[in-house]
Number of protein chains: 4
Amino acid sequence: MVTTTGQVGRPRSEQARDAVLHAVDDLLLEVGYAAMTMKGIAERAGVGRQTVYRWWSHKAEILLEASVADAQEELAVPPTGSALNDLTAYLQALVTFLTRSPAGVAYRALIAAAQHDTAVATLIATSDVLGASSRAVLTRMTGEGTHVGDLDRASALLVGPVFYWVMSGRDPLRLQAADLAQEFLRAVAVDQG
Amino acid sequence: MVTTTGQVGRPRSEQARDAVLHAVDDLLLEVGYAAMTMKGIAERAGVGRQTVYRWWSHKAEILLEASVADAQEELAVPPTGSALNDLTAYLQALVTFLTRSPAGVAYRALIAAAQHDTAVATLIATSDVLGASSRAVLTRMTGEGTHVGDLDRASALLVGPVFYWVMSGRDPLRLQAADLAQEFLRAVAVDQG
Amino acid sequence: MVTTTGQVGRPRSEQARDAVLHAVDDLLLEVGYAAMTMKGIAERAGVGRQTVYRWWSHKAEILLEASVADAQEELAVPPTGSALNDLTAYLQALVTFLTRSPAGVAYRALIAAAQHDTAVATLIATSDVLGASSRAVLTRMTGEGTHVGDLDRASALLVGPVFYWVMSGRDPLRLQAADLAQEFLRAVAVDQG
Amino acid sequence: MVTTTGQVGRPRSEQARDAVLHAVDDLLLEVGYAAMTMKGIAERAGVGRQTVYRWWSHKAEILLEASVADAQEELAVPPTGSALNDLTAYLQALVTFLTRSPAGVAYRALIAAAQHDTAVATLIATSDVLGASSRAVLTRMTGEGTHVGDLDRASALLVGPVFYWVMSGRDPLRLQAADLAQEFLRAVAVDQG
DNA sequence: GGCTAATCGAGACGGTACGTCACGTCTTACT
DNA sequence: AGTAAGACGTGACGTACCGTCTCGATTAGCC
């Protein structure tokens, strides 16, 4: 019997893929999202332009592939046993992610691009790192007895203030994670028995 | 006596200015922010390219000048006498502004551009429509006896959830302005005597 | 054994090259040298602007490439066996070339451009059609027994009067090739034994 | 009684006229003819642009007005009593004029512009400095007994070689004025009794 | 070991926007 | 009416990147 893999011709080069993802990571920090071009990515990666276009259609797509894993890791906070402490830790991680992390810079760039590009909007909806990470914390709280009502709305209530604060360019130092966590708990407190 | 007006040379054409601002308004809705070019604006306005560059350095700058007035008007809510009603009305206006209004589309485009353009970030900091309008509501509440603590943090707490919800492409229909207003009041309740 | 062709990337399009050269030929006659622009050439040729700049740096360079072959052909006169007849034929061809031929119009434009553009001056020095063609006639004369001394000075003596006459806008009809040829022979007669 | 000159309104400013002519002189040497612009001339002269356009239509026209006087002076050679010496002196002056003099640079620029601008061609025909100066020398020779036949053709025979030599960018040092003068006399010798 | 086929790099292709410059005209206030 | 100043609409400049295309070279599975 013949083992047919259906794969004919030269296989995709993993080396080229990695080179492109690393090039995007580097370029985002060096020149920023707007100045990052498909041409520049290909040249930086030492890769043909066609090769980039063959596997990704937008620079947003490459950026997403290059940063989601990092983002998820950075936004995962270990359980402390206390809802307030969990929330505070999460909000602190969120602030750090959005303002300091390369993956956070990528995330903000993608959110920005999504405002005038439906394709990007669809793309980031499929890997909603802020929503997923916040829901993870809230779900754990629920499991431990602290209920928050509708998960999506609670997620927005938790993430929104920080998100807005950072996106509108305010100084992140004035954000007080512990206070925000407490206010959040007060806001959703009535939703539970 | 010498009457020196200080006005030398041909004065700026108000007609050209208006034409550019209207062209930007139109183009934003027709082709979107990304596809809107300085060249396109000039041609649409029937104006020389240099004339555009003479008075504005970015398309963001034009867009801001073309939309702030509208934005401010749309986000001003009349006092109802009740804090809860005021907040609810404001949040409803905010949702409508961000999701339906042309000025809101412009605002989202500007926030997006600000993520990778320091010049735009500086620009929108000088005419912070969401911050100003929300602070107006909160200040009025304070005058009527409902205190909210630090105005900027309260503003972020109020605006943030809606802002995040809309910017990350979620369905605005699921947002419930009245519930959000109540949760907000509960969150900040302790800050006051 | 490795067969390295040294050819990397897509090869230059001969079609584009021809289109540009023809466009320049056409435009020179239609709008003249001064009104001929790089943009116009590209559009007329149905070619990208970058493609023109990739292979030529000035319109003069294109014009030269487009006209030298024609110029050389038009200024080559068949031997008649008589020095006087050869010179007369050459001078007649020269007048026709400078006043009637498209290649002559190109040549005059290039000489003009060379007056305020060192790059063009260097360029036309490398393909000096008037000098080369006149020296060809004079060399042939020398081979047939009529010596003219220094070839370059004799060339200037032969070509100069016609060149000056035409370039300063005088009526070419008053130029009498046969008389000029005779005067030339008289002028250089002593230089030989 | 009122002295009516027919002149109404502010008279033309001689100061502005001089400033423009000097600016053109300076700019020609500093940046060359091609890079010399009407805008640049006006700014250098400290004069309004409209003022320049009011009195001259081309930069060639200004250049002509600014340099003809100098050109005529530089090409006028004093009589020596000998035809050969007169011709030699004239040819030497001509070489110096065309290769070293600012007025000569202006003249070459104008001849160049005339090749693709009929207006300039007409203009320089009205003040033909090379023709006039050479005819002056030849006329004086005729008066002293050395006939040269048709004045215009003799002028071209005399001026042409030098003109061609310089315009085609050859090294002027190899031109030998005395030899050229002798060859010229030999060429035209038969035209006279 | 040759064949087929998809990928790789390189780089030219036709487009189009960039931001700047000069054009020649105009509209001010001043002389 | 002439002047300096300077904004106006127009359009070319040379550059950059777009996404596509055509090369030769490479690398796999299949016969």
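Residue numbering restarts at 1 for every chain, and letters A, B, ... go by the order of the sequence lines.
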Chemist: Validate the cation-pi geometry between D:Arg12 and D:Trp55: distance from NZ or CZ to the six-membered ring centre under 6.0 Å, angle to the ring axis within 45°.
Modeler: yes
Chemist: Atom CD of B:Gln15 and atom C1' of F:dG9: how far apart are they, to the nearest Å?
Modeler: 12 Å
Chemist: Is it the case that over 12 heavy atoms from other parts of the model lie below 6.0 angstrom from the CD atom of D:Glu30?
Modeler: yes
Chemist: Of A:Met36 and C:Glu43, whose closest DNA chain F nucleotide lies nearer the 5' terminus?
Modeler: C:Glu43
Chemist: Between C1' on E:dG14 and CZ on C:Arg44, what's the gap in Å once rounded to a whole number?
Modeler: 18 Å
Chemist: Return yes if some donor-acceptor pair links the side-chain N/O of D:Thr51 with the main-chain N/O of D:Val47 below 3.5 Å, else return no.
Modeler: no
Chemist: Closest nucleotide of DNA chain F for A:Pro11 versus for C:Pro11: which of these residues is on the 5' side?
Modeler: C:Pro11
Chemist: Return no unless some side-chain N or O of C:Thr51 is found under 4.0 Å from OP1 or OP2 of E:dC13.
Modeler: yes
Chemist: Of the residues in residues 52-62 of chain B, which ones touch DNA chain E at a heavy-atom distance under 4.0 Å?
Modeler: B:Tyr53
Chemist: If we only count heavy atoms from C-beta on, is the A:Ile62 to A:Val52 side-chain gap below 4.5 Å?
Modeler: yes
Chemist: For B:Arg12 and F:dC8, give me the distance from atom CZ to atom P, rounded to whole Å.
Modeler: 7 Å
Chemist: If you restrict it to nitrogen or oxygen atoms, what contacts under 3.5 Å exist between nucleotides 15-17 of chain E and the protein, and what is each distance?
Modeler:
residue, atom, partner, partner atom, Å
E:dA17, OP2, B:Lys39, NZ, 3.3

Chemist: Can you tell me if D:Lys59 uses its side chain to pair, donor with acceptor, with the backbone of D:Met36 under 3.5 Å?
Modeler: yes
Chemist: Are A:Asp117 and A:Leu123 packed together at the side-chain level, in the sense that at least one heavy-atom pair is separated by less than 4.5 angstrom?
Modeler: no
Chemist: Between B:Arg17 and B:Glu65, is there a salt bridge with N-O shorter than 4.0 Å?
Modeler: yes
Chemist: Please state how far atom CG in B:Asp117 lies from atom P in E:dC18, giving the value in whole angstrom units.
Modeler: 14 Å
Chemist: Main chain of B:Gly9, side chain of B:Gln7: is a donor-acceptor contact present, judged purely on distance under 3.5 Å?
Modeler: yes
Chemist: Could you walk me through whether A:Met38 and A:Tyr53 satisfy the side-chain contact (heavy atoms from CB on, under 4.5 Å) test, starting with their C-alpha distance in whole Å, then the side-chain angles of each, then the deciding distance to 0.1 Å, before giving a yes or no?
Modeler: CA-CA 8 Å; A:Met38 291 297 256; A:Tyr53 283 108; 3.6 Å; yes
Chemist: So for C:Arg10 and F:dT22, does any side-chain atom that can act as donor or acceptor lie under 3.5 Å from a complementary atom in the base?
Modeler: no
Chemist: Please give, in whole Å, the distance from E:dC8 P to A:Arg17 CZ?
Modeler: 12 Å
